[in-house]
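Ligands are counted one by one from 1 in listed order, and the atoms in each one are counted from 1 as well. Worth knowing before you read on, the calculation uses all heavy atoms, side chains too, and leaves out hydrogens, waters and symmetry mates.
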Amino acid sequence: MKNILVTGGAGFIGSHTCLNLLERNFRVVIIDSFDNSSKKVIDKIKETCKSIDKNHNLNLEVFIGNLCDRDFVTDVFKEITKQNRQIDGVIHFAGFKAVAESIIKPLSYWRNNVIGTLNLVEIMDDFNCKNLVFSSSATVYQPMDNLKLKEISKLGPINPYGNTKYTIEILLKDLFKSSVKNWKLASLRYFNPIGAHSSGLLGEDPKDTPNNIFPLIANTALGIQKELKIYGNDWPTPDGTPVRDYIHVMDLALCHVKVLELLMNSESEYLNLNVGTGIGTSVLDLVKTFERVNNVKIPFVFDKRRVGDASYVVADNSLLMSKMNINYFRSIEDMCRDGWNWKKLNPKGYKET
Ligand code: UD1
């Protein structure tokens with residue numbers, strides 16, 4: 001049974017990925033600081049696993065700490081080695097991710113995201129663990145109006161959060177090109193992950209007031225916020241609202257595991273991969289679909305454009321599809337249904353449950 005280290009495994013995408021790894025019979029070792037996530041997530045991952053198959057393996061260990069603490073990370077690797085096991089691969093989610101906050105606190109973002117990753121790969125090297133899937137973002141691209149983004153499209157993030165992702169990609173590429181030729185690395189450039197596990201046991205639980213559209217739609221449906229502000233209806237898109245490539249978090253989670261399996265079974269490799277469905281959905285389409293599928297009302301008003309937004313951010317996912325044996329992605333209806341099911345059952349996230 002292979003051991004996979006998941007940094008940030010208690011976060012939104014991390015927790016769904018851990019579930020997927022357990023379902024596929026990996027042994028999961030989580031490192032999380034729990035600064036931005038709840039400890040209850042761990043029980044929820046186990047509960048979800050049991051709800052799928054009551055005899056399922058629950059090989060899940062958790063180490064609490066930060067990647068910036070080298071001694072802590074080294075101790076985690078040592079502890080696994082002491083048990084005559086080895087970390088066979090790493091999926092690296094841990095990092096700060098709020099764009100607006102990154103503009104206010106760039107140094108925290110650089111320290112936490114870049115130094116944390118540097119420590120992690122150095123320690124992986126020390127312990128001869130060479131398989132890494134990194135959680136990057138479509139934010140590394142320069143958006144192009146009405147053109148799907150390819151892995152070879154022009155890069156150029158416009159905020160410190162995006163710069164840290166971009167920098168880490170460069171670091172990993174340099175590592176791949178180094179004289180030590182056995183690294184197998186992938187940077188997954190996510191588009192817009194939404195939704196939740198269909199059981200309603202696992203979902204997104206932002207610690208602070210959310211800025212992303214989906215939690216805000218759900219909050220509006222619950223009446224926590226009176227109305228949704230739609231940032232601009234004068235964009236050069238069919239209905240005037242911005243278009244994004246929303247992907248169900250369970251599909252995104254599966255992609256991580258499939259990419260890791262691909263790396264573990266391949267020669268030395270460095271991959272940048274877009275992870276999106278390739279389908280564009282406007283803000284207005286998303287709101288209308290959420291209302292229709294869930295039979296709720298989302299009062300909204302049009303507001304002015306948000307600084308830093310782009311009109312159209314959609315993946316060309318042909319590389320992902322050619323590399324992976326994936327034949328379908330969950331629909332925007334599935335995303336709205338599962339995301340609302342989670343929110344309805346857990347209006348205060350993990351706090352109440
Ligand atoms: C944001 C981040 C991106 C990150 C991604 C996923 C920015 C500039 N980019 O992307 O780096 O990878 O989240 O977490 O923050 N919208 C409204 N009303 C709202 C909130 C959003 O109309 O109250 C609109 C936005 O204008 C946008 C769309 O909804 O067109 C999606 O917004 P959001 O969920 O914040 O994601 P992105 O901006 O695409």
Query raised in the report: Charged N to carboxylate O below 4.0 Å: is that the case for K343 and E204?
Result: no
Query raised in the report: With a 4.0 Å cut-off, would you call R305 and D234 a salt bridge?
Result: yes
How close do [X] and [Y] get, counting heavy atoms only, and between which atoms?
X	Y	answer
P143	V313	CB-CG2, 4.4 Å
R306	N211	NH1-O, 3.4 Å
S38	A10	O-CB, 4.5 Å

For [atom], what's the nearest protein heavy-atom neighbour? Residue, atom name and distance, please.
atom	value
atom 24 (C) of ligand 1	V283 CG2, 3.8 Å
atom 18 (N) of ligand 1	K229 O, 2.6 Å
atom 36 (O) of ligand 1	N192 ND2, 3.1 Å
atom 2 (C) of ligand 1	V99 CG2, 3.7 Å
atom 19 (C) of ligand 1	Y231 CE1, 3.3 Å
atom 6 (C) of ligand 1	N212 ND2, 4.1 Å
atom 12 (O) of ligand 1	S137 OG, 3.3 Å

Requested in this report: May I ask you to check whether Y166 and W110 place their ring centers less than 6.0 Å from one another?
Outcome: no
Query raised in the report: Do F290 and F214 have their ring centres less than 6.0 Å from each other?
Result: yes
Enumerated ligand 1 atoms positioned under 4.0 Å from heavy atoms of [X]:
X	value
N211	20 (C), 35 (O)
D309	25 (C), 26 (O), 38 (O)
P242	30 (O)

**Report entry** Nitrogen or oxygen atoms of T139 and ligand 1 under 3.5 Å apart
**Finding:** yes
Query - Nitrogen or oxygen atoms of I213 and ligand 1 under 3.5 Å apart - result: yes
For ligand 1, is [X] a contact, meaning one of its heavy atoms is under 4.0 Å away?
X	result
L216	yes
Y246	yes
Y161	yes

Requested in this report: Report the residue from K173, K323, K177 that forms a salt bridge (Lys or Arg N to Asp or Glu O under 4.0 Å) with E269.
Outcome: K323
**Report entry** Under 3.5 Å donor-acceptor, N113 side chain and G95 backbone
**Finding:** no
Report summary line: Of R244, R306, E204, the one whose closest heavy atom lies nearest atom 32 (O) of ligand 1 is R306
**Report entry** Rounded distance (nearest 0.5 Å) linking atom CG of D303 with atom CG of N233
**Finding:** 10.0 Å
